[in-house]
Protein chains: 2
Amino acid sequence: MVRPDSANVSERSEQPPSLAISTVIFALRPSESSGRPTLWLPLVRRIRQPYLGQWALPGGPLAHSESLQDAAARNLLDTTGLAPKYLEQLYAFGGLHRSVGHRLVSIVYWALVQPDEAELTRESTNVQWFRADRLEALAFDHNEIVDYALWRLRNKMEYGSIAYHFLGERFTLAQVREVYEAVLDRQLDPANFRRQLRSAPHIQETDEYLQGTRHRPPRLYRYTGPAPLYGANQQSKQPAEGLNESELRRVP
Amino acid sequence: MVRPDSANVSERSEQPPSLAISTVIFALRPSESSGRPTLWLPLVRRIRQPYLGQWALPGGPLAHSESLQDAAARNLLDTTGLAPKYLEQLYAFGGLHRSVGHRLVSIVYWALVQPDEAELTRESTNVQWFRADRLEALAFDHNEIVDYALWRLRNKMEYGSIAYHFLGERFTLAQVREVYEAVLDRQLDPANFRRQLRSAPHIQETDEYLQGTRHRPPRLYRYTGPAPLYGANQQSKQPAEGLNESELRRVP
DNA sequence: ACAAAAGTGTTTGGCTTACACCCATGG
DNA sequence: CCATGGGTGTAAGCCAAACACTTTTGT
């Protein structure tokens, strides 16, 4: 079983690195304190070694009959009950000491879910939502992974049409602004923001207005662009990192 | 060996997917026809099945003692003799039918090398440079991978400080412009381009001038920014996809 | 009537673009 | 002294930031 050129290495460390798929899922939920929307993500408690009892990103091994993205989606459904419409590859993490006792390579995806979808999470003692900016120490290198996903989310928010995936089918322009403000953590000028959105592609105005506010009823809009999950290519050619087409220039 | 829930599946397809690291390497070399710089990349001929005899990206399995990036760098050195200063993760490819006879997941890196480095390639009947825009049918899904790497390169060129990695330690601003023109495949205004570069960060003018031209000697500059290879984090937080900081705004 | 947010208009400054022009060298 | 590309100047035009102002609802 041990190959000749490595007879002096223990058999365990000769086994190929194991490959897992994990996902960082973001949703906006009202803050307990201020009530304003903030970023949350669901975590799963480890029920085996290593890191038994600690919180971790949902994930699992790659089944041989699934593509990477299918594996991410299925695993999410199995562990949390979520089925995000936005799902995209984030990065492959393969450091030598990410786990203890074995070599682990994780291909990590990231996802966005709408608030009503998020409510359907099968929460339990082992599955819970946490505020993204107040995480305890997670299993493996998952804190670093979340940080990277947050960086990517903010980056992509600045020049991609991504904010709509946090919202339902119809939304007001002010709701889109609140998404930007929550993710980027700064105030934006309502007047200029609205102008930019109206001139952005894939934003369609409807004939409907949101009723029940204690002021002038805002018009509802619809997003007509594609969700990356069903895109033709696995690698949605939209830069985060890279780099994506500048559909929306800069956010005020 | 075969688990109960998959007794009807052949044993071979039960083996875990194999994991490989490959790299797309870009360099600028003078075109045979026009002499102007164009994009080239080195390929390696397959010496075993599958795809025996076809050209493929340099790559190989992941050794258990190497990080992903180290594996990419070492493999590059082994197969081509190249040691790029710029090396960054591109994407993880894991489609079901990328290879024949087994399930293969490839974590792909991309690299940039300077012309003088490129000359040191150990070329042979099994290692050769090809023009990036005139590739034959490659092994596996490597044509798609090269296309994606090209897209990422162009994308990142537009708002990242990446062009310098195609050049030596000192260079003229016109040489930088030629890099942009070669990669983006369009002409740029020399006057405006030079102004943008001079106001860009990490561009330091030297006291030296390039001699031997048949016109006014251009000043030489130096790039003082970091090369991602030695960056602290594996994932260089520069968007390509992401998303990246806009160090250089837009190219004229 | 008033508060509050939706929605419109207008000014300003910065930055890109286009292009005219001068500079320094080799032949 | 001419050709060639290096390098500078500058006006036009576009776009985003700032902010004043009008509109439409609920209470």
Side-chain angles (χ1 to χ4, degrees), chain A residues 30 34-37 157-161 163 167 170-182 184 186-201 203-222 245-252, chain B residues 30 34-37 157-161 163 167 170-182 184 186-201 203-222 245-252:
Chain A
S34 72
R36 293 157 53 86
M157 186 81 70
E158 293 189 2
Y159 43 79
S161 41
L167 300 170
R170 275 168 296 180
F171 46 82
T172 69
L173 298 188
Q175 286 171 336
V176 181
R177 179 167 49 82
E178 281 169 8
V179 172
Y180 275 82
E181 290 180 339
L184 301 181
R186 71 179 135 111
Q187 301 284 106
L188 303 174
D189 183 309
N192 294 329
F193 186 83
R194 121 179 280 282
R195 256 189 295 266
Q196 284 193 50
L197 273 195
R198 296 213 44 160
S199 70
I203 298 286
Q204 195 175 64
E205 75 174 31
T206 70
D207 296 338
E208 290 151 298
Y209 294 82
L210 180 63
Q211 305 293 344
T213 60
R214 62 169 171 269
H215 53 78
R216 173 174 175 175
R219 185 187 284 270
L220 289 169
Y221 292 78
R222 184 185 282 115
E245 287 359 276
S246 47
E247 302 184 20
L248 193 137
R249 292 280 174 200
R250 216 183 323 170
V251 176
Chain B
S34 72
R36 293 156 54 85
M157 185 82 69
E158 293 190 2
Y159 44 80
S161 43
L167 299 170
R170 275 168 296 180
F171 46 82
T172 69
L173 299 188
Q175 286 170 336
V176 181
R177 180 167 48 82
E178 282 169 8
V179 172
Y180 275 82
E181 290 180 339
L184 301 181
R186 71 181 135 110
Q187 300 286 106
L188 303 174
D189 183 310
N192 295 329
F193 185 83
R194 119 180 279 283
R195 254 189 296 265
Q196 286 194 47
L197 272 196
R198 295 212 46 160
S199 69
I203 298 285
Q204 195 175 66
E205 75 174 32
T206 71
D207 297 337
E208 290 152 297
Y209 294 80
L210 180 63
Q211 305 292 345
T213 60
R214 61 166 173 268
H215 53 78
R216 173 173 173 177
R219 186 186 284 270
L220 290 170
Y221 293 78
R222 183 185 283 115
E245 291 354 281
S246 48
E247 302 185 21
L248 194 137
R249 295 275 173 204
R250 217 186 321 172
V251 176

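Per chain, numbering begins at 1; letters A, B, ... match sequence-line order.
- Nearest to the side-chain atoms of A:Pro217 among the listed nucleotides D:dA18, D:dT24, C:dT8 stands D:dT24.
- In this structure, A:Gln211 does not reach the D:dG26 phosphate: none of its side-chain N or O atoms is under 4.0 Å from OP1 or OP2.
- Separating the CD atom of A:Gln196 from the P atom of D:dA18 is a distance of 12 Å, rounded to the nearest angstrom.
- Within 4.0 Å (heavy atoms only), A:Ala191 reaches at least one base atom of the nucleic acid.
- Rounded to an integer number of Å, the gap from CG of A:Leu210 to C1' of D:dG26 is 13 Å.
- For C:dG27, the OP1/OP2 oxygens have no side-chain nitrogen or oxygen of B:Arg214 closer than 4.0 Å.
- A donor-acceptor pair is defined here as one N or O able to donate and one able to accept, closer than 3.5 Å; such a pair exists between the side chain of B:Glu181 and the backbone of B:Leu188.
- Scanning both residues, A:Tyr180 and A:Gly160, for their nearest heavy atoms gives OH-O, 3.9 Å.
- Counting non-hydrogen atoms under 4.0 angstrom, A:Thr172 reaches nothing in the nucleic acid.
- Here C:dA5 presents its C1' atom at 14 Å from CD of A:Gln187, a figure rounded to the nearest Å.
- Not a single donor-acceptor contact under 3.5 angstrom links the side-chain atoms of A:Arg216 to the base of C:dT8.
- Here the side chains of B:Leu210 and B:Arg170 are not in contact, with every heavy-atom distance at 4.5 Å or above.
- In this structure, A:Leu197 places its CG atom 13 Å from P of D:dA17, rounding to the nearest Å.
- Rounded to whole Å, the distance from CG on B:Asp189 to P on D:dT8 is 14 Å.
- Side-chain atoms of A:Gln175 come within 3.5 Å of backbone atoms of A:Thr172 as a donor-acceptor pair (strictly under, hydrogens ignored).
- Closest to the B:His215 side chain, of the nucleotides C:dA18, C:dG7, C:dT25, is C:dT25.
- Across the protein-nucleic acid pair, A:Leu188 atom CG and C:dG7 atom P stand 17 Å apart, rounded to whole Å.
- Rounded to whole Å, the distance from CZ on B:Arg198 to P on D:dT8 is 6 Å.
- Of the candidate nucleotides C:dC19, C:dT8, C:dA6, C:dT8 has the atom nearest to the side chain of A:Arg194.
- In this structure, B:Leu220 atom CG and D:dG6 atom C1' are separated by 12 Å, rounded to whole Å.
- The residue B:Arg219 sits close only to the backbone: its heavy atoms come under 4.0 Å of sugar-phosphate atoms, none of a base.
- The structure places CG of A:Asn192 at 11.0 Å from CZ of A:Arg177, a figure rounded to the nearest 0.5 Å.
- For A:Arg195 against C:dG9, a side-chain N or O and a base N or O form a donor-acceptor pair under 3.5 Å.
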